[in-house]
Amino acid sequence: MHNRTRVVDHLVKAVSELGVRHIFGVDGANIEDLYDAAFDHRELVTAVVAKHEFSAATMADGYARSTAGLGVVAATSGGGAMNLVAGLAESFTSRVPVLALVGQPPTVLEGKGAFQDTSGRAGAFDAVRLFTPISHYCARVEAPADLPAHLTRAIHATQHGGPAVLLLPKDIQQAELVAPAFTPPPRAYRRDTASLWRVVHTLQAARVIGKVVIIAGDQVARDGARGELAQLAAVLDAAVGVAPDAKDVYHHADPGFCGVAGSMGHPELIEALHRASLCLLIGTRMPVTARAGLEDALAEVPLASIGGDIPFLGSIHARSTDLSLTLTELIGELTAATPIHLRGRSGDGVVDNPRHIRFSLQLVPDDSTVSDLSTTVTGLSTESGDAVVIPLQTARGEQPEDTPAQGPGLRYREVVEAVNQALPEGADVFADAGNTGAAVVHHLRLPRDGRFTVALGMGGMGYAFGAGIGSAFARSQRPDGSMRRTFVIAGDGAFFMHGMEIHTAIEHNLPITFIVLNNNAHAMCITREQLYYGDRYSFNRFRPAYPGAGLAAMFPDLCTHAPITRADLAESLRHCVGSPGPSFIAVDCDPDEIPPFTPFLTAPRR
């Protein structure tokens, strides 16, 4: 036990004060002192060694998403540091708070031919310039006394949503530090009060006119605002849709749920938008994956938004850095007995775009088909005396379901439906990119209190393996002592990239079931070859592989299954759920099946 406080001891104690109980990384010469400190303070923090730094970064990312807290990743210099880039880019794009602690060669060797030198001196490339575009704060710690200030700034930066990076030369890590104990910086709560009042008044007016539709995004999860979202939906009697990466923020059996938005979504949400007087975006910027197929419907309805970032669609936007607090305030205002004032409080200003004070209402008789009914009603007026124009129009959006496939193996929907039936209470699900992810987003029915994550920021293949493991470290042990099971669902392409992180789950005996849909292909690329390039060739079909048999041979103690029929799959899932520790299921699928992905289902074949 070291009897002095080093920089690395201060770091480990500090992240513990932030509620972090696990540090994920890959050890190496220029980060080994941090692991040494983690051993000395093992009652506070557990250091986990991953198989690859990308997966270590996604473990920290998954840990942060599931806890609505901070994830911490550590890496050594050189190639280890470079391997963090893709994982941190996902966290940056998806606004996930991650602190990266990256080892560097000793300061006395910088610019003098040090192995893995990234100081930017004497021809070495500069790690600060590399990490700055994918972080909200990046700094090289040049002296031990500089660490506390850098750490405070880094933690504060992660609170904005995204990574911060500290580059730590080896001699700085080992140096003694005389500094007061770390005090976590207070989480700053900011919201645009004037704009929030405009949103309140717009909602009040929309409730008089017709139905409000909410589309909720992943910031609801990051801010731990699921309960507040449900209360707001009840107060508004709103229909609720969710962005593809936010399936866990509103339960599918709760009142008004109308499905997933965007390219992997459901037609019920399109129909709800056509009948809406207002669409309220909460915690989503509505990127292409969330709005594909909804463009026409969204163009017909006024938009309001609450969240940390301005949406990609024009709207009345109120900025909030903590939706749990802002939604609570909003509920209080909406439930108070106050009159409607569309202009808001004095000094708030007015909306410049006329679209934002117009309300659309769709009327579709239950027993009739859609017609070209169109009329205009006036009579309601704003505080300024201007008439509120309400066009009554009808249109029905259609979105086809999965196309039938005749090839080998099980259909995507069959697999996900079997998973739905097997998911235990409170289970968490992590889906990977590609056809598998599209099928899971579309068909999965998550149990209550479960977490769902799909990485749509960068869409890096193999993300789900590390992220699911990181989440399991955080959530597998329930307060009552029972174990929560995590499910990772990925394709064989993702498995071959980063599936060996299963070894990490085995080392720590985590309750995770890995389900790999094996079509011996990069199937989404095959679909693109077929649809857009005339199906003249394929670079993406591979010779058969047998991951189930392979893992059974590699890890004889691993609960491994390779079911052929749906009945076999159901039995395999029951066995995995009933077994402690990790398990693995490989399911053969058809590489030519088109998933429930709107751009593919609506594209004409060339």
Side-chain angles (χ1 to χ4, degrees), residues 19 61-71 91 94-97 158-162 186-193 195-197 199-200 203 212-258 260-261 278-286 290 303-311 315-335 426 428 446-454 456 471 474-475:
D61 182 285
Y63 186 95
R65 294 195 202 215
S66 287
T67 61
L70 177 71
S91 299
S94 295
R95 307 296 192 264
V96 180
T158 65
Q159 292 176 350
H160 297 159
R187 184 178 179 88
Y189 172 45
R190 296 185 178 88
R191 81 275 197 244
D192 182 347
T193 305
S195 295
L196 185 60
W197 271 106
V199 171
V200 169
L203 281 170
V212 174
V213 173
I214 293 172
I215 300 179
D218 63 317
Q219 190 186 345
V220 175
R222 296 199 309 272
D223 293 350
R226 296 173 180 84
E228 291 79 5
L229 173 64
Q231 292 177 44
L232 177 63
V235 167
L236 294 173
D237 188 27
V240 181
V242 294
D245 55 354
K247 281 179 69 74
D248 63 347
V249 303
Y250 194 82
H251 194 259
H252 60 85
D254 282 347
F257 181 73
C258 53
V260 177
L278 177 73
C279 177
L280 175 63
L281 309 177
I282 301 179
T284 177
R285 300 186 73 190
M286 293 298 284
L303 299 179
S305 170
I306 303 172
D309 298 291
I310 298 173
S315 67
I316 302 172
H317 177 67
R319 180 173 180 263
S320 168
T321 61
D322 190 330
L323 289 175
S324 64
L325 296 176
T326 300
L327 295 186
T328 297
E329 294 174 338
L330 183 60
I331 292 165
E333 293 296 335
L334 291 172
T335 54
D428 298 336
L446 194 72
R448 290 191 184 277
D449 193 35
R451 298 288 180 266
F452 175 80
T453 297
V454 58
L456 296 179
S471 176
R475 280 175 50 86

* Asked: Counting distance only, does the side-chain N/O of D449 pair as donor-acceptor with the main-chain N or O of G426 below 3.5 Å?
  -> no
* To do: Start with the C-alpha distance between D254 and R448, add both sets of side-chain angles, then the distance that settles side chain to side chain contact (heavy atoms under 4.5 Å, CB included), and finish with yes or no.
  => CA-CA 10 Å; D254 282 347; R448 290 191 184 277; 2.6 Å; yes
* Asked: Pick from L323, V212, I306, I282: which one makes a side chain to side chain contact (heavy atoms under 4.5 Å, CB included) with L232?
  -> I282
* Asked: Looking at R187, Q159, R190, R191, which one forms a side chain to side chain contact (heavy atoms under 4.5 Å, CB included) with T321?
  -> R190
* **Flag side-chain contact, heavy atom, 4.5 Å: R65 against S94** => yes
* Is the shortest heavy-atom distance from the side chain of I331 to the side chain of E329 under 4.5 Å? -> no
* Answer yes if the side chains of T326 and S320 hold a donor-acceptor pair under 3.5 Å, and no otherwise. => yes
* Asked: Once the angle between the rings of Y250 and F257 is folded into 0 to 90°, is it parallel (under 30°), tilted (30 to 60°) or perpendicular (over 60°)?
  -> parallel
* Is there a side-chain contact between D218 and L456, using heavy atoms and a 4.5 Å cut-off? -> no
* Asked: Backbone N or O of F452 within a donor-acceptor pair of the D248 side chain at under 3.5 Å?
  -> yes
* Does a side-chain heavy-atom distance below 4.5 Å link V249 with H251? -> no
* Asked: Do L280 and L203 come close enough that some side-chain heavy atom pair is under 4.5 Å?
  -> yes
* So among S91, P97, S471, S66, which one has a side chain to side chain contact (heavy atoms under 4.5 Å, CB included) with D61? -> S91
